[in-house]
Amino acid sequence: MIKIRRVISVILCIVTLMSCFPMQVAAAEGTKSTDDMSTVAEVGGYLSANKKALQNMKTEAKFLTETGHGFAAEKANNLYDVYSGKNATVVGDNNAKNGADRLIINRDGSKVWIQDKYYKTASASVNACFDDIGMFRYYDADGIPMQIEVPADQYDDAVTKMANKIGDGKIKGVTDPEQAKSIVKRGKLTYNQAVNITKAGNVDSLKYDAHNGVIVATAAVGISFLLDYAVCLINGEDSIEALETASINGLKMGGTVFCTYVISSQLTKTGAVQALAPTSEAVAKVLGKDVAKSILQTNGISTAGMSAANRTTVVANVIKNQAIFAVVTVMVLSTGDVIEVFQGRISKEQLLSNL
């Protein structure tokens with residue numbers, strides 16, 4: 001699983017570079033022109049990527065808050081588990097009191113509930129697991145202590161401090177200090193790496209966005225390939241030719257999606273999205289209730305129990321993220337034409353027409 005994802009990552013990086021240049025296939029020897037870029041397959045792929053990207057951008061808006069590095073740790077640690085082939089999900093969005101942040105379902109059906117604690121020091125990370133009277137507060141439905149995931153660089157110190165808490169009788173049902181090793185979980189990230197993910201332009205942030213970009217692009221490639229292959233067969237191509245065409249177009253589209261996703265995610269971390277706030281809020285206010293609900297439902301957001309004011313705010317956020325992703329998509333798709341203008345291969349008028 002890991003090797004497959006790494007191979008896909010490399011392929012997408014290469015194809016991303018290829019997507020910056022116009023695909024020119026000679027019409028000689030019966031080769032068909034690929035100038036027509038508006039195919040059903042591409043539209044399907046881009047729509048799939050757009051929906052997933054907006055969902056991620058909505059969730060990652062929390063990265064810009066004061067405690068954003070904690071949310072980043074949840075998402076990044078979960079992402080690493082997914083890449084490791086584990087059935088892992090982030091469940092902390094339900095805001096349940098003393099609930100878990102993450103869940104891993106093992107192959108035997110057993111569940112591992114995880115609470116992420118990413119504070120500046122090991123003492124702070126461990127102390128955050130205890131209530132006002134000093135008792136541990138994170139248990140699963142069976143009364144078993146959840147795993148406490150701490151920064152990788154705090155693990156040893158956190159285990160020692162958790163063992164001291166056990167010795168003081170602060171965790172119900174746990175008396176052996178050695179069990180601290182099974183309660184405290186070493187996170188995949190250090191504290192500083194989690195902080196870096198919330199910012200733009202650093203290695204940790206780019207790696208995180210690139211890993212997410214691979215997942216988004218892979219799904220888009222799959223949809224594009226299936227649609228393109230079907231359309232080619234309907235148009236009379238044989239199966240081998242259809243397979244080749246669908247594969248090339250799918251990978252090229254996937255490279256574009258990958259590049260677009262990473263750039264868009266980086267821009268949201270610069271706070272650029274906030275510059276669009278006044279406009280998006282104004283647009284959201286003039287939309288009717290039905291249109292607003294349709295926008296939210298299309299993006300997988302439930303409107304049940306949502307007030308009018310809250311609905312407007314959420315719609316405005318969707319519009320902001322959509323604007324950034326749409327602009328970046330156009331920029332990436334237009335890069336080849338811009339290069340051709342500077343090389344004198346097409347006119348400025350043709351560039352505007354293509355745009």
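Below 30°, between 30° and 60°, or above 60°: for Tyr229 and Phe225 the angle between ring planes is below 30°, a parallel geometry. Using cut-offs of 30° and 60° on the angle between ring planes, the pair Tyr83 and His211 is perpendicular.
A donor atom on one side chain and an acceptor atom on the other are not found under 3.5 Å apart for Lys75 and Thr59. For the residue pair Tyr261/Asn56, the side-chain donor-acceptor check at 3.5 Å is satisfied. Judged by distance alone, the side chains of Gln350 and Asp337 never bring a donor and an acceptor atom under 3.5 Å apart. With no hydrogens or angles considered, a side-chain donor-acceptor pair links Asn317 and Lys320 at under 3.5 Å. Side chains of Asp108 and Ser110: a donor-acceptor N/O pair is present below 3.5 angstrom, by distance only. Neither side chain, Asn196 nor Asn202, offers a donor N or O lying under 3.5 Å from an acceptor on the other.
Once rounded to the nearest 0.5 Å, the distance linking SG of Cys129 with CE of Met162 reads 4.5 Å. Considering CG of Leu267 and CE of Met57, their distance stands at 8.0 Å, rounded to 0.5 Å. Within the model, atoms CZ of Phe258 and CG of Asp209 stand 9.5 Å from one another, a figure rounded to the nearest 0.5 Å. Remark: Thr175 OG1 to Ile166 CD1 distance equals 8.5 Å, nearest 0.5 Å. Taking NZ from Lys161 and OG from Ser123, the interatomic distance works out to 3.5 Å, rounded to the nearest 0.5 Å.
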>> Test side-chain contact (heavy atoms from CB on, under 4.5 Å) on Asp140 and Lys111; report intermediate values, then the result.
In response: CA-CA 10 Å; Asp140 64 18; Lys111 297 180 179 180; over 6 Å; no
Under 3.5 Å, side-chain donor or acceptor atoms of residues 62-73 against the rest of the protein: list the pairs with distances, not counting sequence neighbours.
unit_1	atom_1	unit_2	atom_2	d
Lys62	NZ	Asp93	OD1	3.3
Thr65	OG1	Lys62	O	2.6
Thr65	OG1	Gly68	N	3.4
His69	NE2	Tyr118	O	3.1

